[in-house]
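In what follows, chains are A, B, ... by sequence order, proteins preceding strands, each numbered from 1. Not measured: the values here are computed from a predicted model.
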Amino acid sequence: MLKYIIRRLLYSMPALFISTFVLFWAVRSTFDPAAKFIGSRDPTTYARFKEKWGLDDPIPVQYWRWLKNIVQGDWGESTASGESVWSMISRAFGTTLQLIFWGVLFSAIIAVLIGVYSAIRQYSVGDYVFSGLSYLGIAVPPFVFGLLAIQILGVLLGDKLGLDGPAFFFVGLHSDESGVFSWDYVRHLVLPVLTLTVQIVASWTRFQRASMLDVMSSDYVRTARAKGVPRRRVVFRHAFRNSLTPLVTVMAVDSALLFGGLIITESLFSIPGMGRLFFNAIQTGDAYVVMGWLLVSGMFVIAFNLIADVLYAVLDPRVRLA
Amino acid sequence: MTSLDLTSEEAGDELVDQTEAGSVTRSQWRLFLRRFLRHRLAVLGVLIFVALLVMSFGARWVAPFPKNAQNLTDLTIDGPGRDHLFGQDELGRDYFTEVLYAGQISLKIGIAVAVLSTALGVAMGAIAGYFGKLADGILMRVTDAFLLVPSIAILAVAFKKFGNSDIAVALVLTFTVWMTVARLVRGQVLTIRELEFIDAARIAGASSTRIIVRHLVPNMVGPIAVNATLAMVNAIVAESTLSFLGFGIQPPDTSWGNLLAQTRGYLGTSKAYLLYFPCLFIILAVLAISFIGDGLRDAFDPESKK
């Protein structure tokens, strides 16, 4: 097992290397971070800025410099603000983590409940309603859903309840100094978490339904029923537990993508997380921030994909890692 | 064998069902059409999609006002009414007209990306799958590389380089979605090319081009068509999302996405209702095309007996 994990991690190194290099090349060759100094009153400013950041060196040389620094734990600084990339990323990461935690938690609970219900009551009215809803959830683009949620659940609901402002806030995560355990925080969190949940829950529900149906029609479930085990007991003790295995791995893989930030959700709700950090950096060509972001999100994708495979082997003894 | 006798060459359009000794003569096309028409949601999808196309591209005749015409005599109009079906924006422009014209770019990009990415993907996938080895290796490495870098990064850099005209947006989006088709087609080709009728064609002296064009591609029409509808959905969603974020189509050009970007400023004001209409049109377009895709999948799949 350990050998497998180490080998997988080694295999993923070239992928990380190539993707960082390609992105660095693309960003550097497209944007000039010194452009803001063109035409400034002191004509040497432009040249001095380029000199300071080593922008005149060939791109591979600059990449090599970044790579040398990063293996020594130096993430570099933002060319736009001069702030250290590490502190920018750790701050943004903490924010994104709050969204991911609640989003994944709610999605998992809802998906399992609905998925199992739809499977054991296949072709019932409830099954059709949930299928229709998940179809809609997949079809409606996240930003459209987010906008409608702001308007209907934020503004209109606030009016209806006769509140001063919106029922749920839609800018940032805090409006005062109160901490995580406050009503203010919850009112900020509801809409972004809802938008995120709708994005993921639809596909997870369908997945859990299919997986549960699959298990329900398997031989050992029929055997258990034939032996006279009550249906309820078969569903929850025999089928349910086994049906979770595929969902767990899908959840690990899907969640990994979230760590890169929820570009749309975060920019819609002005939440300063990873997605917005990346979004702003790529627009201004802030290469070191983009690099740091790609490294963090890339490592999460690699790690969670590995975790998914290992979990699969742990949960299902039939699976062997090779 | 099932999917293979769908459109093999000698059968052409009029396929005689020989197993039943000529008792029933039905063209495959008619069978396909019958299965498709039985899929109610798919038919609904076609109706909605055609209506959207007619209303958008016929906007010059359908829309009650000329594009960008401002009603400067009465800016107080608020909310939908008989003259202004969707109300009017802060500049006094009829919003129904605006939404219809915006649909032109959104739908144009969706269709263009579906067609271009399908053509490119089928060509690349067929070549890689059929000739194997070197071409295959190169294609797979290239698609791997594209899967590593987040697509929004590619898009941001590409828009900076190539500009934001509707053609540029369509081409850039095509560039990010063609790989899925290529991979699909490659997989199909790998299975089909091992089958006997391909050997038969080769023995009969058919050239590689002829085998690809006349034998391989027609046998993959089903999955390719379904995938094209998916590509169209993805393109419409991607275009509207990018335009909403400020990357894609830029004003004064309008698409449903950048209309929504403008309505963001109306949130919390009395004009906020305007955002419902572009949302409605995006959802309608996406649902309609997905329904068509579902219908195609069922109609092309001979296993489905419904």
- Answer whether the closest heavy-atom distance between the side chains of B/Leu275 and A/Leu148 falls below 4.5 Å. yes

- Minimal non-hydrogen separation, A/Ser267 against B/Arg264, with atom names: O-NH2, 2.7 Å

- Here the gap from A/Ile263 atom CD1 to B/Leu245 atom CG, rounded to the nearest 0.5 Å, amounts to 8.0 Å

- Query: Quick one: what part of B/Asn234 sits under 4.5 Å from any heavy atom of chain A, side chain, backbone, both or neither?
  - Reply: neither

- What one should report as the nearest heavy-atom pair of B/Tyr276 and A/Gln151 is OH-CG, 3.2 Å

- Item | Among A/Tyr135, A/Phe143, A/Phe279, residue most engaged with chain B (heavy-atom pairs, under 4.5 Å) | A/Phe143

- Message: Within the structure provided, determine whether A/Gln283 and B/Phe247 are in side-chain contact (heavy-atom separation under 4.5 Å).
- Response: yes

- Message: When you compare the side chain of B/Phe244 with that of A/Pro141, does any pair of heavy atoms fall below 4.5 Å?
- Response: no

- Query: Pick from B/Phe159, B/Phe291, B/Tyr266: which one has the most heavy-atom pairs with chain A under 4.5 Å?
  - Reply: B/Phe291

- Message: Quick check on A/Ile138 against chain B: is it the side chain, the backbone, both or neither that has a heavy atom closer than 4.5 Å?
- Response: neither

- Would a 4.5 Å heavy-atom cut-off, applied to side chains only, mark B/Trp256 and A/Val144 as touching? no

- Checked A/Ile152, A/Leu268, A/Ile150, A/Val301 vs chain B; the most non-hydrogen pairs under 4.5 Å come from A/Leu268

- Task: Tell me, yes or no, whether the heavy-atom count around B/Ile167 atom CD1, taken from other residues, nucleotides or ligands under 6.0 Å, exceeds 12.
- Result: no

- Item | Nearest-0.5 Å distance that lies between atom CG in B/Leu260 and atom CG in A/Leu147 | 5.5 Å

- Task: Heavy-atom distances under 4.5 Å only: say whether A/Phe31 touches chain B with side chain, backbone, both or neither.
- Result: side chain

